[in-house]
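The structure appears right after this line, and notes come after that.
This one's a predicted model, so the numbers in the text were calculated from it and none came from an experiment. In the text below, chain A, chain B and the rest are named by the order of the sequence lines, each starting its count at 1.
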There are 2 protein chains.
Amino acid sequence: MNLSPEHKALLDNALIDSGLRSTRQREQVYGVIMSKQDHPTADEIYARAKASMPTISLATVYNCLETLVDCGLVRQVNFDREPSRYCPNLKEHAHFYCKETGEVFDIDLSGQAIHELRRQLPEGFEMESFELSYHGKTHSN
Amino acid sequence: MNLSPEHKALLDNALIDSGLRSTRQREQVYGVIMSKQDHPTADEIYARAKASMPTISLATVYNCLETLVDCGLVRQVNFDREPSRYCPNLKEHAHFYCKETGEVFDIDLSGQAIHELRRQLPEGFEMESFELSYHGKTHSN
DNA sequence: TTGATATTTTGGAATGATTCTAAATATTAC
DNA sequence: GTAATATTTAGAATCATTCCAAAATATCAA
């Protein structure tokens, strides 16, 4: 729900650019993702979306998520073969997965680090994107 | 099949260290993975293993793969939510996934790059492993 | 060897995230 | 408003993987 005017405009423009329609459900799903800085699964997004739109279906949540990812408004993040998670942070960044709690944290990457990553690719490999995930534990202090 | 004596010893030691038994099936599956420098899925490993052990079952292939991964003899590699692949290369390295052909390539990482990756983690994040995968296209020349 | 015991293998059923389907509904352009 | 098109929906289907319980095998001690 409560999508800020900026996000609403961002969404509408992205949809129009892709020749897609603006719908209540797409707004709702986008709103759910933008309104909390975490990494929910489709099920979690479904639960949050239903809170203020009780008729939305899980299939629609999946449809909307695919649309949002394709439009570049949301990032899909996978850890091993666990259910996909969705990330509102569009900056080039990495993720840290805590084995103890299952929590996921965004990790900022320095320009130097990103440069170094690109540097590793030999001739003939044309990178379009990369995914970097750390696994481990977090100290609670 | 045809597991080299070195690999056979490696496997047996690793199994004993973990309190597990050496079986024909574990040897077979390990042999299949070590005998070709690629990134097969469980299905592909099953097909290759059956060629010289027609009675092996898919469930056993999955069991053996889990064992080998747990023993640290083989790496499990995931791209998005595609079927898991298995990698004989135990060096710390990255993967390049070609969107056009579906091929997977090992990418060596310099010590500097690995150091830079570790450097990105703030206080309180204790890394145990990382996964880095590049997506893009490969020039064929 | 020969059991006795624990582990492993096996085929088939179960699971669970995701995708598909086809009908109902909403959005857009005129 | 109406026609044309896109989207939503509930439920069925998919498919990689895991679970199950029975049969086979490996290990160990005598």
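- Between the side chains of A/Q25 and A/T60, no donor-acceptor pair is found at a separation under 3.5 Å.
- Nearest to the side chain of B/S57, among C/dG11, C/dT8, D/dA10, sits C/dG11.
- You'll find that the side chain of A/A59 is closest to D/dG11, out of D/dT8, C/dT27, D/dG11.
- In this entry the distance linking CG of A/D80 with C1' of D/dT17 reads 14 Å, nearest Å.
- Between A/R48 and A/D38, at least one side-chain N (NZ, or NE/NH1/NH2) sits under 4.0 Å from a carboxylate O, which counts as a salt bridge.
- In this structure, the CG atom of B/L20 is 15 Å from the C1' atom of D/dT25, given to the nearest Å.
- Put simply, CG on B/L15 is 9 Å from P on C/dT8, counting in whole angstrom units.
- Side-chain contact of A/Q28 with A/S52: a donor-acceptor pair under 3.5 Å is present, judged by distance alone.
- For the OP1/OP2 pair of D/dT7 and a distance below 4.0 Å, the side-chain nitrogens and oxygens of A/T60 include no atom meeting the criterion.
- Two residues, B/C64 and A/T23, neighbour DNA chain C, and the one matched to the more 5' nucleotide by heavy-atom proximity is B/C64.
- Following rounding to the nearest Å, A/K50 (NZ) and D/dT9 (P) show an atom-to-atom distance of 11 Å.
- Side-chain N/O atoms of B/R21 and base N/O atoms of C/dA6 include a donor-acceptor pair closer than 3.5 Å.
- If you take CG of A/D70 and P of C/dT19, they are 11 Å apart, rounded to a whole angstrom.
- Within 4.0 Å (heavy atoms only), B/R24 reaches no atom of the nucleic acid at all.
- What separates CG of B/L65 from P of C/dT10 is a distance of 13 Å, to the nearest Å.
- In terms of phosphate contacts, B/Q25 brings no side-chain nitrogen or oxygen within less than 4.0 Å of OP1 or OP2 of D/dA24.
- Between A/E131 and B/Y97, the side chains place no donor N or O within less than 3.5 Å of an acceptor N or O (distance only, hydrogens not considered).
- Distance from the side chain of A/P83 is smallest for C/dA17 among the nucleotides C/dA17, D/dT8, C/dT9.
- Note: CG (A/D12) to P (C/dT28) measures 9 Å, nearest angstrom.
- With 3.5 Å as the limit, one finds a donor-acceptor pair spanning the side chains of A/E6 and A/S4.
- Nearest-nucleotide positions on DNA chain C for B/R81 and B/S22 put B/S22 closer to the 5' end.
- B/T41 comes within 4.0 angstrom of nothing in the nucleic acid, heavy atoms only.
- Here the nucleotide nearest the side chain of A/Y62, chosen from D/dA16, C/dT19, D/dT9, is C/dT19.
- Atom-to-atom, CE of A/M53 to P of D/dT9 comes out at 7 Å; the value is rounded to the nearest Å.
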